[in-house]
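In each ligand, atom 1 is the first atom listed, and ligand 1 is the first ligand listed.
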Amino acid sequence: MTQGCENPQVEVRARRAPQVSYRMAQVATLLEAAGTLAVFGFDPSVPSGDDPRHLQVALASTDAPAPLELWQVDGPVRCGMEGALRWSTGGGWLFAAIELDEREHGGTLATARQAYDMLHRFVAGHDARHVLRVWNYIGAINDGEGDAERYKRFCEGRAAGMGDFFAEGFPAATAIGHLAAEHRLQVYLLAGEQGGHRVENPRQVSAWRYPRQYGPTPPSFARAMILPARDTLAISGTAAVVGHASAHHDDLDAQLEETLTNLDALLASADMRAGFDAHSPLKVYLRHGSDAPRVRDALQQRLPGVPLLLLHGDICRRELLVEIDGWRY
Ligand code: 3EB
């Protein structure tokens with residue numbers, strides 16, 4: 001475009017990011033609130049709701065009662081179901097979620113492929129077709145040896161199912177093992193009308209460049225995504241990985257410190273000021289649920305006032321005990 005000739009009427013205005021918060025409330029109350037795009041519960045024994053916007057994640061909160069996670073957008077929201085897929089759209093955003101049973105789709109690899117194939121076909125038919133952020137919850141993620149480990153099979157199937165849909169670059173993502181029935185695969189995503197800006201961590205090898213030792217297909221995700229209005233950073237699952245190696249094997253405190261250093265490095269890499277605050281919710285995944293009080297104490301000291309949601313789940317490398325994802329507004 002010739003400089004100085006930009007027509008403001010042609011330029012698409014980037015939409016305000018969905019507002020993510022943790023709430024102690026009833027699901028129904030949150031679903032009735034204005035602009036509710038999605039409500040997440042964290043109790044694997046509870047089914048997802050009749051309302052397509054209510055997803056029960058297969059990971060258990062370490063807190064009782066557990067808070068709900070709320071996504072709110074500007075403007076009216078429409079929603080629906082299409083087979084195994086639930087979706088909602090409003091304010092220029094699209095939420096889509098799928099849950100598949102591995103026993104019906106021929107194992108971990110084939111089920112991941114199917115989930116990504118269905119999701120990308122669905123998203124491609126919408127105005128909000130730029131997938132910015134994905135969450136993957138996989139049963140028994142560390143079962144199986146070598147290349148047969150379920151996480152590595154998932155990575156192969158994910159790559160096969162997305163095909164060249166993410167040719168412009170991968171979304172930010174989280175992949176965590178849940179402790180519910182191992183055949184349940186849950187994948188959900190946020191897509192927008194415009195692409196975001198991918199952020200990598202200079203302290204870490206980009207996941208899609210991990211060497212062969214981590215599996216035949218490297219993980220397909222960006223470390224973080226700046227949303228189109230540049231108002232928000234969506235942060236991928238972040239752990240004590242330095243270079244491509246896991247640091248501080250089986251040392252929880254040291255892994256937590258390394259993870260916080262990685263989060264700081266991501267903020268710097270995104271040109272955002274340092275630190276997290278009361279508007280920047282973080283989700284903490286713990287391999288051992290019994291570590292929850294210690295981790296909560298440590299994080300409350302290090303990140304005072306930051307909303308935390310602690311979940312009991314397995315990290316995709318056996319030696320990792322903690323992983324953190326979240327939003328920085
Ligand atoms: C890591 O840094 C930790 O496979 O989608 C973090 C975030 C991790 C996302 C994924 C995996 C994924 O490699 C693991």
Quick test of your reading of the model: are Arg302 and Glu257 salt-bridged, counting only N-O distances below 4.0 Å?
yes
Asp325 with Arg133: basic N within carboxylate O range, under 4.0 Å
yes
Considering residues at least two apart in sequence or located in another chain, which fulfil the side-chain contact (heavy atoms from CB on, under 4.5 Å) criterion with Ser48?
Leu55, Gln56, Arg86
Shell of residues surrounding ligand 1, defined by a 4.0 angstrom heavy-atom cut-off that is strict:
Tyr151, Arg158, Ala173, Thr174, Ala175, Tyr210, Pro219, Phe221, Arg223, Gly237, Val241, Cys316, Glu323
Does the ring pair (Phe, Tyr, Trp, His ring centres under 6.0 Å) test come out yes or no for Phe95 and Trp87, once each step is laid out?
CA-CA 5 Å; Phe95 160 72; Trp87 61 270; 10.0 Å; no
Does atom CD (Gln26) have a neighbourhood of more than 12 heavy atoms from anything else shown, all under 6.0 Å?
no
Testing Arg150, Arg184, Arg153 one by one against Glu102 for a salt bridge (Lys or Arg N to Asp or Glu O under 4.0 Å), which residue passes?
Arg150
